[in-house]
Amino acid sequence: MTDSLLSVSDLTVSYGKVTALKGIDIDVKSGETIGVIGPNGAGKSTLVDAISGFLDYEGSITYRGQEIAGSSTQTLVENGLFYCTERRDLFGQMSVEQNLRLGSYLNNGGEDERLAEVFELFPRLEERRSQEAESLSGGEQQMLSLGRGLMSDPDFLILDEPSIGLAPVVLEDISEALTAITELDVTVLLCEQNITFALEHADRLYLLENGAVRRSGATESLQSDEFVESYIGG
Amino acid sequence: MVDIVSIGANTIVLGSLYALIAMGFTLIFGVAGQANLAHGGTITIGAFTAWYVAGLGGGVWVGLAAATVTGALFHVVLYRVFVRHIDNPVNVLILTLLAWFVVEYSFLAIIGSEPRSVPSLLGGTTSIAGVSFLYNNLLIFVLSWVFIGALFGFVNYTKTGQAIIATSMNERGAALVGIKTDNITLLTWALAGVLAGSAGVLYGSFRAASWDMGMTPLVLAFAIVILGGIGSIRGSVIAAYIIGFLEVFTISAVSPRLSGMTALLVIIIVLLVKPTGLYGRELPG
Amino acid sequence: MSTHSTQSTGDEGQTDDVLRLEDVTKQFGNVTAVDNLSFAVREGEILGFIGPNGAGKSTTFDCVSGTMAPTDGTIYYRGEDVTGRPQHELVKAGIARTYQTFRPLNDRTVLENVALSQVPDSLFSRSDFRADTEEQTREICERVGLGDVTSQMPDELPHAGLLRLEIGRALGTEPDLLLVDEPFAGLTTEEIERTADLFTSLRDDGMTLVVIDHNMHGLLELVDRVIVISFGEKIAAGTPAEIRNDPTVQEAYLGGEL
Amino acid sequence: IGGSDNGGSDSITIGLLAFEPGSAPQGTAQEQAAELAVSDLNDDGGILGEDVELLVSNTQGSASTASDRYLEFVTDDNVDITAGVFQTEVMTGLMSDIADHQTIHMSGGHTSPTIAEMLADDYEQYKYQFRPYGNATHWIESITDLAGHMQDEEDWERIAILAEEYEWTQSFSNDLPDMIEDAGLEVVYNQRYPSDTENFTPLFDNIESEDADAVVMAQAHTAGPAMIQWREEEREFAMCGQISQIIDPGSYESFDGDNEFAISNAPAVHTADLTDQTADFAERYNDEFDVYPNDAFSYATYDGLMMWAEVVEQEDTTDAEDIVPALAEASYEGTRGVIEFNDQDHEFPHDARFGEGYLQRINFQWQEQDGEGIQEVIHPDGLATADYQEPPWF
Amino acid sequence: MPILTLRQLTAALFLGMFAMSWDYVSGYTGQLSFGHSMFFGIGGYTAAVLNLELGISPLLGILIGTIAAGIAGIIVGYPALRLKGPYLGLITLIAPIVLVQIVNIFPGTLGGDAGLPSPAGLIPVDDTIAVLSTIGFETSFEHQTVVYYYVALFLFLAIYALFYVFTRSYIGSIFTAIREDEDAVRSSGINVAKFKVFAFTMSGTIGGLAGAAFVHTPVGEPSVGELLYIVVSIEVVIVSILGGMGTITGPAVAGIAYYFVRDALQTSSLTIPLLDVTVGHISMVLFFSLALLILFFLPKGILPWLEDLSHELAERRTDQTEPTS
Ligand SMILES: Nc1ncnc2c1ncn2[C@@H]1O[C@H](COP(=O)(O)OP(=O)(O)OP(=O)(O)O)[C@@H](O)[C@H]1O
Ligand SMILES: Nc1ncnc2c1ncn2[C@@H]1O[C@H](COP(=O)(O)OP(=O)(O)OP(=O)(O)O)[C@@H](O)[C@H]1O
Ligand SMILES: CC(C)C[C@H](N)C(=O)O
Ligand SMILES: [Mg+2]
Ligand SMILES: [Mg+2]
């Protein structure tokens with residue numbers, strides 16, 4: 001697997017006595033869009049937190065062939081990773097525009113153009129460009145979080161439940177945007193609860209349950225998998 | 001007799017001095033969100049560094065340069081060794097308070113309780129529009145505005161400045177966009193050390209250096225940041241001049257006995273009307 | 001425990017309206033979040049409250065629940081004008097809400113979080129809340145599905161757990177009217193069903209609910225009636241089926257979905 | 001039951017309460033003077049044939065710490081006498097402990113008349129306290145004399161008064177103005193200021209705008225900024241008064257000469273020949289500690305202890321009940337003149353007498369000679385060592 | 001116990017009481033006060049002035065002083081509703097600074113910087129007390145010391161019990177909830193404002209009570225240095241945080257320890273080898289360094305650390321007794 005962008009093997013993560021991930025293997029190749037699905041508490045957020053350098057772990061995570069243990073989130077970001085968290089982690093008392101511009105903290109040049117692109121994708125953000133992030137509506141904050149991610153012009157984008165709290169119309173827009181992004185050879189790791197959304201975008205899927213991978217494989221092949229079907233439900 | 005011209009002149013000088021004193025505190029507290037009470041100690045360290053260097057024959061300008069170094073060094077050590085490992089803001093507050101006391105009492109034990117005079121950076125007087133000014137005071141004015149301008153530009157118009165604010169608001173968020181939060185905070189502390197160290201020299205050259213000289217500047221800095229509103233450099237500057245004016249005015253025209261009091265009462269009233277100070281932002285959480 | 005004020009003030013009191021908003025407006029500086037909004041909530045119904053992001057839904061909840069006062073307009077609860085009353089009074093009158101962004105008390109267990117809403121709001125109450133209310137608190141935890149994790153801390157809970165905690169705390173105040181902000185966000189289909197069942201059973205117990213959510217599968221199946229707002233104004237109202245087929249709503253909110 | 005009974009131990013013990021000895025000039029001076037007294041006494045065969053021992057405790061400038069330390073002296077260490085304290089605010093709290101423990105206290109620097117007034121109110125209770133240097137009311141007399149003298153010599157007419165907000169400065173604000181007016185000068189400005197004041201510019205502006213010839217300062221803590229701002233801003237009025245910190249012979253160096261031309265009232269300075277002993281004492285002190293005696297802290301602490309020793313020898317006991325009346329009656333030739341205490345009917349019982357044949361106060365000015373600062377006595381005439389020098393910027 | 005230790009313990013108990021009163025409002029509700037000395041001062045000065053000027057009996061004076069401090073608590077409690085965090089901190093810091101200036105402006109009645117003379121003792125110990133003489137206390141100083149020690153101890157325990165009961169009741173759980181998230185408390189149907197003001201009022205009342213009683217004992221004087229200065233307020237904060245904020249017990253015990261550790265360092269004549277100075281000479285440097293290190297290594301405070309430690313030990317023990325689970 002020489003062209004793996006990210007390779008996770010035998011990953012175990014514990015919070016004190018709670019073991020949230022129990023020996024997980026995941027592999028992401030450049031340009032792929034990977035979906036990680038699974039019920040609440042399955043360990044999806046834990047997985048991406050660990051990948052982004054926020055958690056101590058056992059096992060191995062390599063990004064671009066390098067073990068990430070010991071390197072900070074910032075170093076990963078320098079290497080093209082960007083992570084839009086479930087909690088969004090916005091800069092509450094900064095304006096929308098400041099938040100977005102900080103998204104391209106490490107990039108020099110092209111900031112204004114990307115800002116224009118983000119505003120095109122989320123016109124709502126442009127309307128609110130000088131409003132404090134904290135006072136945005138829930139959905140607006142979600143847009144901002146995604147927008148900030150796009151501002152970094154990432155090679156590898158990790159999205160933890162990007163569909164949360166978005167109106168159906170906006171979801172459609174985001175869906176389009178995501179398609180556009182993946183077409184640009186950006187690698188995407190997508191944790192989703194919204195199965196429709198995940199199925200639509202992912203090339204391959206991992207189904208997590210109770211901290212372990214229950215199923216994995218190409219999206220089409222899994223769609224007909226009995227177990228997955230039962231999970232996806234109605 | 002109330003002399004409006006001299007009240008005005010004194011306010012300009014005093015406000016500048018106070019702004020300078022508050023600047024380092026504003027940077028760490030207002031912008032980066034940590035209350036560094038050791039600021040009082042940094043001022044003392046700065047003043048005594050200059051006094052010591054001048055006493056060795058190095059001249060007070062060299063002393064000023066040395067004070068920026070000792071001030072920054074003190075902050076860097078304080079931050080690296082202690083503050084960095086603390087996540088509870090109240091503990092940062094108390095720990096820096098204790099650090100300040102350690103500094104104070106060290107000076108008391110080493111140098112003694114007598115005040116020392118830090119030589120003026122510039123001697124002589126000049127007259128502007130019929131009012132005479134000490135060169136030293138003009139220097140305070142100029143230096144203060146240089147620092148204010150530099151800081152304002154730095155925080156608002158540079159990426160690093162924005163990174164400082166971002167780090168104070170959400171450290172995780174800052175890491176997510178690639179900000180090296182540790183370095184940024186360290187830089188903030190070092191810069192504040194430079195500001196406080198130099199403020200100490202100017203303060204000392206105007207008011208004598210002594211082991212317990214940090215108290216007044218610290219209370220002032222705290223009051224200025226709060227009155228101006230946390231997070232606003234502009235607010236701090238305006239507040240510094242307001243407090244400077246109230247002090248001068250009370251002493252000149254009301255009674256020196258009430259000198260501290262009027263400023264404090266005005267602060268209370270302002271805060272009751274505007275609970276986040278003049279230009280403050282809402283506190284997070 | 002709470003004595004709900006049911007007295008009506010004269011002829012405004014429409015008996016089957018639990019809640020009625022009349023021309024409610026909320027402005028933040030020059031942003032008008034809620035714009036002259038009027039609608040009523042009927043006794044015993046589950047009302048869906050939807051609209052695009054930033055339409056003013058949460059803000060409407062804020063005004064109704066006393067989190068903030070509206071800029072203009074009147075809110076009647078059981079016929080009584082409650083506009084601008086502080087939140088704790090409204091809670092005692094029977095209005096409870098959940099927050100879109102969770103606000104657990106991170107210093108205490110799940111059980112203690114829920115228990116807080118059972119505590120007397122008086123300075124010198126002699127009732128020792130632990131003894132006689134712990135039972136009740138546990139029941140609430142069971143009911144919302146937190147029975148197994150009562151002694152965990154909030155930060156150990158997964159997303160769905162926090163959501164249940166939010167509902168649990170609201171139920172602890174024994175509300176008549178429950179305002180729920182985005183309960184389905186981030187839940188699996190199965191979880192959504194469970195949560196919806198919970199709401200139905202609460203309604204069966206006599207509670208009235210208003211639910212905001214963007215998950216149309218979950219919401220439209222649950223609710224009896226829907227109100228749609230956009231830019232703070234009401235753009236449609238009706239049964240789920242009517243709303244699905246309303247072109248304005250499709251245009252402004254639903255998009256191509258469904 | 002007197003606590004001062006030297007319970008069988010074979011040495012006489014003195015307990016000194018000093019403020020930050022080793023760090024603060026006041027406490028350091030008290031400690032040095034007491035050490036000198038003890039070594040002089042021991043060289044002379046001790047007291048009542050017993051060795052004299054000195055214990056020193058730090059008051060930290062706090063009344064409650066001073067009280068703790070005092071009680072250790074009188075209960076644990078069984079001292080025969082206590083001495084020291086230079087802050088009125090510390091002394092006020094200590095007076096009741098002294099009354100409880102009935103041990104003689106030779107004060108060493110605090111100057112408020114209120115302490116003596118406590119004796120006047122309840123002599124039996126507080127009679128154990130003695131002040132071999134008097135109180136601030138004498139300072140203002142001497143300062144009034146100086147003002148009169150300067151009126152003749154330098155045409156001083158308009159006087160300003162600035163007093164640091166402390167108990168001991170009350171008489172400067174309340175009584176001095178009348179005294180100066182009586183002496184034929186005018187008081188044009190009279191203000192008290194908080195003791196944490198560091199900005200004298202507006203105060204000096206006011207004084208200058210009143211066209212004052214001189215300001216009388218009563219200050220023990222704020223001399224640093226006051227001197228610096230007076231000199232650097234080239235204020236056109238003379239500076240005199242009771243400026244405690246510049247009485248310290250080391251102050252010229254620590255103030256880097258900013259106190260040049262400033263005048264202060266003092267109990268003595270080493271250049272003043274108050275008696276034929278003064279210079280001798282000052283030189284011996286300087287030989288010993290490499291610094292000249294400082295204010296009452298040095299002179300009075302030394303004198304007080306020596307006087308007590310003389311009375312103890314004379315009475316052949318250390319029992320306070322015997323020593324109090326004996327001290328009250330005694331007359332002792334000290335380093336600054338003859339010390340006798342006011343009796344119990346006086347307004348200020350147990351404060352040293354001032355006047356002809358007794359103690360007197362001098363006014364000195366810091367002047368520079370060959371790059372060194374020197375405290376030159378400029379008043380009273382009989383003791384003057386130099387003429388007043390006017391600052392060059394006038 | 002040596003009589004002087006007993007006396008110092010008396011003073012230390014008062015520091016413990018001051019610290020508890022701070023902890024009740026600041027440790028529990030999270031409304032940080034940097035000027036709690038205002039309450040001690042208002043209580044102490046009111047009682048002292050009433051006794052000295054009007055001859056009102058100490059007990060009545062203490063009662064009135066306590067009420068006055070309680071009213072001050074209400075007055076501070078109201079702005080505390082609008083002001084958050086450091087903004088409130090500044091207001092509370094300012095209050096005693098202003099009070100000190102007021103005391104200085106009225107040296108006649110309020111005694112100025114030098115303080116007022118001691119008012120009458122709370123319990124007159126005119127002569128020796130028979131019972132005490134039989135158990136070996138001789139002088140009237142010793143008798144007085146013993147009596148006031150018990151007065152202080154009684155007050156300390158009473159205050160401790162009161163705070164303990166309140167903080168362990170539902171009120172304590174509301175207070176800590178307010179500290180965590182006011183909005184969550186509001187949405188639980190609780191009137192946050194009422195409880196916040198109440199916390200300040202009760203804290204002020206008890207702080208005032210301690211201050212008022214303090215000046216009527218031999219260990220305390222009605223003076224700005226002991227009752228009003230910023231350092232008094234700051235000490236109380238340091239003590240409480242070192243002891244463990246929001247525990248009542250921590251600050252109570254730490255108050256006593258603080259007094260004795262500081263005293264031991266101050267009076268030590270031990271010479272430090274390399275520096276060639278005595279411990280006493282640099283006592284405050286050592287003392288505050290020690291406090292700094294404690295805070296750094298035990299961020300939650302000493303008491304919570306001890307609790308964690310004992311839990312851990314207990315767990316280890318059960319692990320050993322039941323090797324497999
Ligand atoms: N800080 C923490 N402390 C203790 N346990 C935690 C912590 N964070 C998460 N957990 C536990 O780890 C497990 C995995 O949680 P995680 O948030 O990764 O799930 P998830 O799949 O992202 O769920 P969701 O879809 O609800 O976001 C859960 O059981 C959760 O309770
Ligand atoms: N304090 C505030 N200052 C300025 N604007 C605000 C403030 N609070 C809310 N708004 C704005 O008011 C509008 C309505 O917000 P609200 O939170 O009610 O939306 P919502 O309908 O709940 O949206 P969502 O579905 O995304 O949660 C938004 O555009 C938001 O940005
Ligand atoms: C002039 C000073 C030596 C007086 C001293 N500070 C006192 O309080 O009395
Ligand atoms: Mg998750
Ligand atoms: Mg919302």
**Q.** Contacting moiety of C/A33, where chain A heavy atoms sit under 4.5 Å
**A.** neither

Q.
Just so I understand: if I count every heavy-atom pair under 4.5 Å between each of A/L166, A/V170, A/I164 and chain C, which residue has the most?
A. A/L166

**Q.** Note, A/I37 side chain near A/Q193 side chain (heavy atom, < 4.5 Å)
**A.** no

(Q) Please give me the minimum heavy-atom distance between A/E140 and A/S137, naming the atom from each residue. (A) OE1-N, 2.7 Å

Q) Taking it one step at a time, do A/S135 and A/Q131 satisfy side chain to side chain donor-acceptor pair (under 3.5 Å)? A) CA-CA 7 Å; A/S135 65; A/Q131 185 171 323; 3.1 Å; yes

(Q) What part of A/E161 gets within 4.5 angstrom of chain C, counting heavy atoms only: side chain, backbone, both, or neither? (A) side chain

(Q) Heavy-atom cut-off 4.5 Å, strictly under: side chain, backbone, both or neither for A/R87 against chain C? (A) neither

Q | Salt bridge present between C/D62 and C/K26 (N-O < 4.0 angstrom) | A | no

Q: Measure across C/N36 and C/T25 and return the closest heavy-atom pair with its distance rounded to 0.1 Å.
A: N-OG1, 3.0 Å

Q) Would A/S175 and A/E200 count as having a side-chain donor-acceptor pair, cut-off 3.5 Å? A) yes

Q | Closest-packed option against chain A by number of heavy-atom pairs under 4.5 Å, given C/G186, C/S58, C/A252, C/A185 | A | C/G186

Q | Best-contacting candidate, C/A55, C/A160, C/G54, C/P158, against chain A by heavy atom pairs under 4.5 angstrom | A | C/G54

(Q) Can you tell me which portion of A/E86 sits under 4.5 Å from chain C's heavy atoms? Options are side chain, backbone, both or neither. (A) side chain

